[in-house]
Amino acid sequence: MKINQNAFTFVLGFLLFVSACAQENSLQFDRQKLDKFLSLVEENDKGMGSLSIFQDGKEVYQKTIGHANKEKNIKATPETVYRIGSISKTFTATLVMMLVEEGKLSLDQKLSDFYPDIANAADITIEMMLRHRSGIFSLTDESSYTLWMEKPITKEEQIAKISAYDSAFEPDSKSAYSNSNYVLLTFIVEEVTNKSFTEVIQNRIFDPLDLSLASYGQPLKGDGSDALSYYRGTEWELASLTDPSVPRGAGAINATPTELNLFLDALFNEKLVSQQSLDMMMEIKEGYGIGLIQVPFYEKKAYGHTGGIDGFQSNAFYFPKEKVSIAYVANGIVMPRNDIMIGVLSIYFGKDYELPDFKPAMVFTSEELEPYLGVYSSPTFPLKVTITKDGTTLIGQATGQSSFPLQAVEQHKFKFDQAGLVLEFDPEKETMILKQGGGEFALSRE
């Protein structure tokens, strides 16, 4: 059975890292503890993926867990290729900055020079698109997106789709993430170079950096050389596959985490663009730089990007001061990606970290689940949450979203790890506490 990637969109938070006091990094990280941590994730079926850590331009750690193909029982290896989703935007932004340095584009050049039929094109600059400040509607937010995302789409069809929407806001008035920005930047790179994006990225990034496994716009083979992606219900189930023509330069690159670190190390060490260009990319305005976002870890700061496409989730970040880059690409998530990254970073940078204790789920009979069933709502919470059951499994579903299975962790307490969601019930008071992303919401049964 295939599950659509929107099945688990009940996520209120974004990428969060803990903050506290400092310790200096040392190459003498606890390798055994990091091995144990990732082994626990694998042994308890809490995730599948691949991790690479670079220090001073060299790989100091690599570990792969889980399968590239569950159906064929093919284990993933360090050479297994994954879809990296929106980390592709960092590659695309780098190509644009290369063209700017060569005088083939300018950051203040208007979108109307290329696609004048798009709303407010005469007021939208290349830089606004790079920084998600254009107001261009994101095609991935289209209500019918899931109906066409698995099918090939032409350049002309995508431009027509984008042109059909009014601006979401006045250009440069605020920031709002839009995949359409980077789809259009893909086409602009092709227009300026008179070459396909595949040829441009191959010649300018993949080949010079010897990223021999990386590719752009290629469908997954499913032969074990690349990873298929999965969602975890009662078992691992195949996710839907977005056609690579849909995300283009916004999310159509395939690579290994080692290759992501090679790319980041080159980017942050002036092997691709100048320091002046990199400084502009690292300048954060309302959450976004040019193809980069910034995240804190204790007193440290890292720059990079996250990615999510189908069942794939990824992180690739570079710590300039420490000269450390960490890339994790997963093709199956149960333990939230952010929790895995916190564990990896804590162990590598020598912070206090207790290894997770994956206790087995409690088992309830179908009758014992009856007191939790119903529709829960609150005037202060935007969605209603319907609780049903499927045999001995409690099922949750938020307004307008797909259902998700809940795992019992103790009496009256259930969780859904993929979204970092915890539900605590009080059957006598007919209430439910919803916890997610640091937020806590009290809902009552209608």
Side-chain angles (χ1 to χ4, degrees), residues 86 88-145 148-149 152-201 216-217 242-252 273 277 280-281 283-293 305:
S86 286
S88 303
K89 291 181 175 68
T90 309
F91 286 79
T92 300
T94 301
L95 289 174
V96 171
M97 295 304 288
M98 286 178 167
L99 296 174
V100 169
E101 288 185 353
E102 295 166 13
K104 296 176 181 178
L105 268 176
S106 66
L107 291 176
D108 60 2
Q109 193 166 354
K110 300 299 174 58
L111 177 59
S112 55
D113 289 351
F114 302 96
Y115 307 113
D117 293 336
I118 293 174
N120 283 335
D123 299 318
I124 295 171
T125 66
I126 298 296
E127 184 171 1
M128 290 176 200
M129 297 168 67
L130 288 165
R131 294 185 181 277
H132 296 291
R133 297 182 65 82
S134 68
I136 298 173
F137 177 80
S138 182
L139 286 182
T140 51
D141 292 338
E142 192 173 68
S143 59
S144 62
Y145 175 70
W148 56 267
M149 69 179 198
I153 186 170
T154 66
K155 170 182 176 179
E156 292 73 24
E157 288 170 334
Q158 274 184 310
I159 293 172
K161 273 183 172 288
I162 295 170
S163 300
Y165 286 92
D166 291 332
S167 290
F169 54 85
E170 286 299 310
D172 209 28
S173 63
K174 64 177 183 178
S175 297
Y177 197 83
S178 173
N179 284 294
S180 297
N181 286 316
Y182 279 77
V183 170
L184 291 172
L185 287 167
T186 306
F187 299 145
I188 290 172
V189 167
E190 293 179 330
E191 295 268 0
V192 169
T193 61
N194 200 30
K195 296 178 181 177
S196 70
F197 195 82
T198 301
E199 187 177 358
V200 175
I201 198 169
Y216 165 78
T242 302
D243 190 88
S245 65
V246 174
R248 300 191 188 264
V273 298
S277 292
M280 292 186 68
M281 294 176 73
E283 182 185 353
I284 306 299
K285 295 181 179 180
E286 295 184 356
Y288 301 107
I290 292 178
L292 297 172
I293 61 174
H305 217 288

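Reckoned from all heavy atoms, side chains included, excluding hydrogens, waters and symmetry mates. If you read the sequence from its start, that first residue is 1, and numbering goes on from there.
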CD1 of I188 to CG of D113: how many Å apart, nearest 0.5 Å?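 Output value for this atom pair is 9.0 Å.
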
Nearest 0.5 Å, please: how far is OG1 in T92 from CD1 in I201? 6.0 Å

May I ask you to check whether D117 and S163 show a side-chain donor-acceptor distance below 3.5 Å?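 D117 vs S163: no donor-acceptor pair found between side chains.
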
Side-chain donor-acceptor contact under 3.5 Å, S138 with T140: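 Yes, because at least one side-chain N or O of S138 sits under 3.5 Å from a partner of the opposite role on T140.
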
ring-ring contact (aromatic ring centres under 6.0 Å, His included) contacts touching residues 160-183 (sequence neighbours left out): H132-Y177, H132-Y182, F137-Y165, Y177-Y288

Kindly give the heavy-atom pair with the smallest separation between [X] and [Y], and that separation in Å.
| X | Y | answer |
| --- | --- | --- |
| T125 | D108 | CG2-O, 3.7 Å |
| R131 | E283 | NH1-O, 2.6 Å |
| L184 | M129 | CB-CE, 3.5 Å |

side-chain hydrogen bond (donor to acceptor under 3.5 Å, both in side chains) contacts touching residues 183-195 (sequence neighbours left out): Y115-E191, K155-E191

Start with the C-alpha distance between N181 and S134, add both sets of side-chain angles, then the distance that settles side-chain hydrogen bond (donor to acceptor under 3.5 Å, both in side chains), and finish with yes or no. CA-CA 8 Å; N181 286 316; S134 68; 2.5 Å; yes

Quick check against the 3.5 Å criterion: does [X] have a side-chain atom that pairs as donor or acceptor with the backbone of [Y]?
| X | Y | answer |
| --- | --- | --- |
| K89 | A250 | yes |
| R248 | S245 | yes |
| S106 | Q109 | yes |
| R133 | D172 | yes |

Run the ring-centre check on Y216 versus F197 and record whether the distance is less than 6.0 Å. yes

Y145 versus T242: any side-chain heavy-atom pair under 4.5 Å? yes

